[in-house]
Amino acid sequence: MAKIHVKKTIQKKKKKLVISTKDSEALFQRGYVDRSIVHKATTMSKEEFAKHQVGMEKKWPVPDYMQGEHGSMKFKDETFETITRWTAKTRIAYRPHAKSPGSKSHLRYERYSQAKTVGQALSLGSYPADWCWDFERGFIKVLGGPVREEPVDISKGDESNVTDVDRAINVWYQRELAKMLGMAVKDITATAGWGESINQRALRLLAQKECSERLEAADREGRAITDEEVLATLKRWPFHRNPWRKNVMQPGKTWVFSDTLGLLRDRAGDVHLTAPTRRYPQVAELLARWLMDRLPEEAKKFSFTSMNVNCNYAAAIHRDNGNFGPSFIKAFGDFSGGRLNYWPEDAGGDLKQLPQNERVSFDLKRHLALFNGNCAHEVTPFQGARYSIVYFTVGCHAEGSTKDRQLLERLSFPYPSANVNPYAFLRPPRGHRRSGRGLAAIARASPKARELQAYHSFDVAAMRLKGCRRAKSAAEAKRVAARRVKPENAKSFYNQDQRRRKAMQEQEADAEY
């Protein structure tokens with residue numbers, strides 16, 4: 001019988017690739033890693049990756065503000081606003097297998113995407129820059145947990161409560177801000193004013209820089225300052241936690257996000273420009289020009305010394321303290337609600353006894369309102385991000401120095417004369433029915449003033465912009481920009497020695513006069 005030869009096929013086992021501990025650690029740290037090491041560590045094939053991507057774009061969309069784009073290394077402002085508010089306990093979810101195999105990014109992502117919180121993501125080797133990159137591409141969803149009202153700033157908090165996530169975001173954010181400004185972090189620190197953190201200083205410098213560019217563009221194009229430019233400025237501006245405006249605070253609140261630009265009487269009784277006005281003059285100029293570019297005919301000679309700039313609080317029912325004459329108010333942002341309720345005939349008394357049938361309500365998102373801030377008013381609850389600007393004259397405006405007046409006029413503030421009529425645009429309040437309040441003010445007012453309305457509301461979209469500016473060449477616009485008020489960078493403007501020197505200078509000026 002013939003022998004049958006059977007050919008045996010021996011299948012060789014695939015040799016297991018071994019990666020050294022040193023190379024393995026390098027894969028999950030910052031820095032370059034040789035491509036051969038990456039390929040050794042990769043276990044997912046291109047075909048497997050492609051299967052994982054089916055239907056994922058729909059399940060994991062990019063944020064709405066990206067408008068369908070998938071981001072770049074220049075992150076959006078909205079992304080910074082989101083990431084800098086995260087805490088170690090913010091709950092997140094990562095899109096599974098979102099990055100293509102064959103790269104170090106894929107290996108890192110496969111590891112840190114197992115995280116359920118931001119704190120875990122940091123411990124698994126991701127960084128704030130990764131979070132921005134992944135968030136803009138729809139790779140991360142926020143599921144809940146605590147987030148901050150404002151960007152993290154560890155200089156404001158209790159050191160014992162600062163987490164590794166707080167430190168990581170804070171250091172990275174400061175470097176990003178410095179990069180945007182073309183400055184070193186230490187230089188931002190050195191020029192921060194009294195009470196300003198590094199983050200506040202950097203963001204306000206950015207606002208100042210951007211406002212300068214917007215003003216120059218408006219000059220060059222011969223146009224008005226736009227609503228969009230105002231909103232972008234307000235979004236950039238880091239608001240002060242103001243503990244002094246107690247009359248506007250809701251029960252239980254101890255501060256509101258509010259700053260004053262222009263003239264103010266401080267708690268020592270001194271009348272002067274606020275520090276932010278001197279440090280960031282083009283921010284004040286841009287906001288002032290927005291109003292001056294669209295003053296309605298009914299109030300074309302309206303004047304003001306100051307602006308309250310507010311963020312995300314619904315003012316409790318209150319009366320302003322010592323405003324002179326009427327105020328203009330406008331709200332900006334993506335919000336619903338937040339109407340201004342106003343009692344035009346209020347002349348004092350118990351705020352709890354205000355007759356609800358005598359109030360009027362303004363939609364400040366669409367309208368610019370002229371009202372008497374010394375009458376009772378409040379802001380209704382709202383959803384979203386709401387900013388507002390109140391243009392007003394302080395009661396002590398006649399005490400402002402000539403120097404301050406001249407500077408404000410250069411910043412487009414139409415400073416009022418000492419004897420300006422407070423009832424030039426709105427009549428005095430008549431007082432509520434069956435109340436004697438308001439009769440004295442009505443009696444003192446001129447017959448013409450008594451015929452005026454108690455308020456005005458103007459539809460901003462229908463308002464006619466002033467066409468008084470002509471377009472300028474780029475060179476002309478540069479020359480105008482060079483003549484603008486220059487920022488001052490003193491740590492403080494109104495300490496005891498500075499007040500003493502100011503008083504002596506004013507006495508010398510009076511003597512010379």
Side-chain angles (χ1 to χ4, degrees), residues 65 71-85 128-129 132 136 148-156 169-219 225-241 257-261 274-290 307 309-312 332-333 385 387 389 411 481-482 484-491:
Y65 65 80
S72 65
M73 280 308 294
K74 187 176 181 181
F75 304 126
K76 304 276 188 184
D77 287 343
E78 293 89 343
T79 305
F80 284 114
E81 288 173 16
T82 299
I83 304 306
T84 54
R85 285 166 168 77
C132 290
E136 287 194 347
R148 290 182 174 78
E149 291 185 11
E150 57 183 323
V152 62
D153 190 342
I154 62 175
S155 64
K156 292 182 179 179
I169 293 177
N170 194 70
V171 171
W172 162 79
Y173 191 39
Q174 287 178 1
R175 288 173 180 166
E176 289 294 314
L177 292 172
K179 197 187 303 178
M180 294 178 201
L181 289 164
M183 297 175 66
V185 173
K186 62 182 178 64
D187 294 331
I188 298 173
T189 306
T191 60
W194 184 87
E196 277 187 328
S197 68
I198 300 172
N199 292 16
Q200 279 184 317
R201 173 61 170 161
L203 286 166
R204 289 182 173 188
L205 283 172
L206 271 177
Q208 164 70 16
K209 176 176 178 286
E210 290 165 353
C211 283
S212 298
E213 293 166 354
R214 289 168 188 142
L215 287 164
E216 187 174 328
D219 288 340
I225 299 299
T226 67
D227 291 11
E228 292 75 20
E229 287 171 321
V230 169
L231 180 57
T233 299
L234 296 173
K235 282 183 173 181
R236 177 70 78 192
W237 183 260
F239 285 81
H240 173 56
R241 288 190 177 194
F257 285 127
S258 182
D259 287 291
T260 301
L261 299 172
T274 64
T277 311
R278 296 175 66 170
R279 295 175 71 78
Y280 312 101
Q282 275 62 65
V283 174
E285 183 179 358
L286 182 134
L287 300 182
R289 258 180 65 169
W290 179 88
M307 295 180 289
V309 188
N310 309 301
C311 172
N312 285 345
F332 301 84
Y387 305 89
I389 308 174
L411 294 177
R484 285 205 159 89
V485 176
K486 298 295 186 290
E488 301 177 61
N489 290 326
K491 283 282 184 184

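Being a predicted model, the structure only gives us computed values, none of them experimental. Numbers here simply count residues along the sequence, with the first being 1.
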Quick check: do E229 and C211 have side-chain heavy atoms less than 4.5 Å from each other?
no

How far apart are the C-alpha atoms of L205 and M183, what are their side-chain angles, what is the distance that settles it, and do they pass the side-chain contact (heavy atoms from CB on, under 4.5 Å) test? CA-CA 11 Å; L205 283 172; M183 297 175 66; 4.0 Å; yes

Please walk me through it: do I188 and Q174 pass side-chain contact (heavy atoms from CB on, under 4.5 Å)?
-> CA-CA 9 Å; I188 298 173; Q174 287 178 1; over 6 Å; no

Between the OG1 atom in T82 and the CG atom in D77, the distance rounded to the nearest 0.5 Å is 10.5 Å

When you check the gap from the basic side-chain N to the acidic O, do D219 and R289 get nearer than 4.0 Å?
yes

### Message
With heavy-atom distances below 4.5 Å as the criterion, would you say the side chains of M180 and K209 are in contact?
### Response
no

Query raised in the report: Less than 4.0 Å between a side-chain N and a carboxylate O, is that true for E81 and K235?
Result: no

NZ of K186 to CD1 of I198, rounded to nearest 0.5 Å, is 12.5 Å

>> With a 4.5 Å cut-off on side-chain heavy atoms, are L181 and D187 touching?
In response: no

Residues R201 and N489: closest non-hydrogen pair is NH2-OD1, 2.9 Å

For this session: Can you label the angle between the F80 ring and the Y173 ring as parallel, tilted or perpendicular, going by 30° and 60°?
Result: tilted

Hits for side-chain hydrogen bond (donor to acceptor under 3.5 Å, both in side chains) against E216, two or more places apart or cross-chain, chain-then-number order -> K478

Margin query: Show, in sequence, the C-alpha distance, side-chain angles and deciding distance for T84 and W172, and conclude whether the side-chain contact (heavy atoms from CB on, under 4.5 Å) test is met.
Written below: CA-CA 10 Å; T84 54; W172 162 79; 4.1 Å; yes

On a heavy-atom basis, the closest approach of I225 and W290 is O-CD1, 3.5 Å

Output for pair (E196 CD, L203 CG), nearest 0.5 Å, gives 10.5 Å

On a heavy-atom basis, the closest approach of L231 and Y387 is CD1-CD1, 3.8 Å

Is a side-chain N or O of K491 found less than 3.5 angstrom from the main chain of A192, in a donor-acceptor match? yes

For V309 and L287, the nearest pair of non-hydrogen atoms, with its separation, is CG2-CD1, 4.1 Å

Open item on the list: Taking the side chain as everything from C-beta on, heavy atoms only, tell me whether R204 gets closer than 4.5 Å to D259.
Closed with: yes

_Looking at R236, I'd like to know if its CZ atom is crowded, meaning that more than 12 non-hydrogen atoms belonging to other residues, nucleotides or ligands lie closer than 6.0 Å._
yes

One should read off an interatomic distance between Q200 CD and L177 CG, to the nearest 0.5 angstrom, of 12.0 Å

> Below 4.5 Å, heavy atoms only, C-beta onward: do E149 and N312 meet side chain to side chain?
Replying inline: no

So does K76 get a backbone contact from the side chain of E136, meaning a donor-acceptor N/O pair under 3.5 Å?
yes

CG (L206) and OG1 (T233) are apart, to the nearest 0.5 Å, by 11.5 Å

Sorted by chain and number, sequence neighbours left out, side-chain contact (heavy atoms from CB on, under 4.5 Å) with A190 holds for none

Closest non-hydrogen atoms of F332 and L234, given as atom of the first, atom of the second and distance, are CD1-CD1, 4.0 Å

| said: Quick check on K486: does its NZ atom have over 12 non-hydrogen neighbours (other residues, nucleotides or ligands) under 6.0 Å away? | reply: yes

When every non-hydrogen atom of V485 is compared with those of L411, the smallest separation belongs to CG2-CD2, 3.7 Å

Query raised in the report: Taking it one step at a time, do N170 and N199 satisfy side-chain contact (heavy atoms from CB on, under 4.5 Å)?
Result: CA-CA 8 Å; N170 194 70; N199 292 16; 3.5 Å; yes

Subject >> Centroid-centroid distance, W237 to Y280, less than 6.0 Å >> reply: yes

Those residues at least two apart in sequence (or on a different chain) that pass side-chain hydrogen bond (donor to acceptor under 3.5 Å, both in side chains) with E285 are Q282, R484

Quiz item: Just wondering, do H240 and S258 contact through their side chains at under 4.5 Å, heavy atoms?
Solution: no

Distance col, row E150:CD vs R85:CZ, nearest 0.5 angstrom, shows 7.5 Å

- Query: Heavy-atom distance under 4.5 Å between the side chains of Y65 and T79, does that happen here?
  - Reply: yes

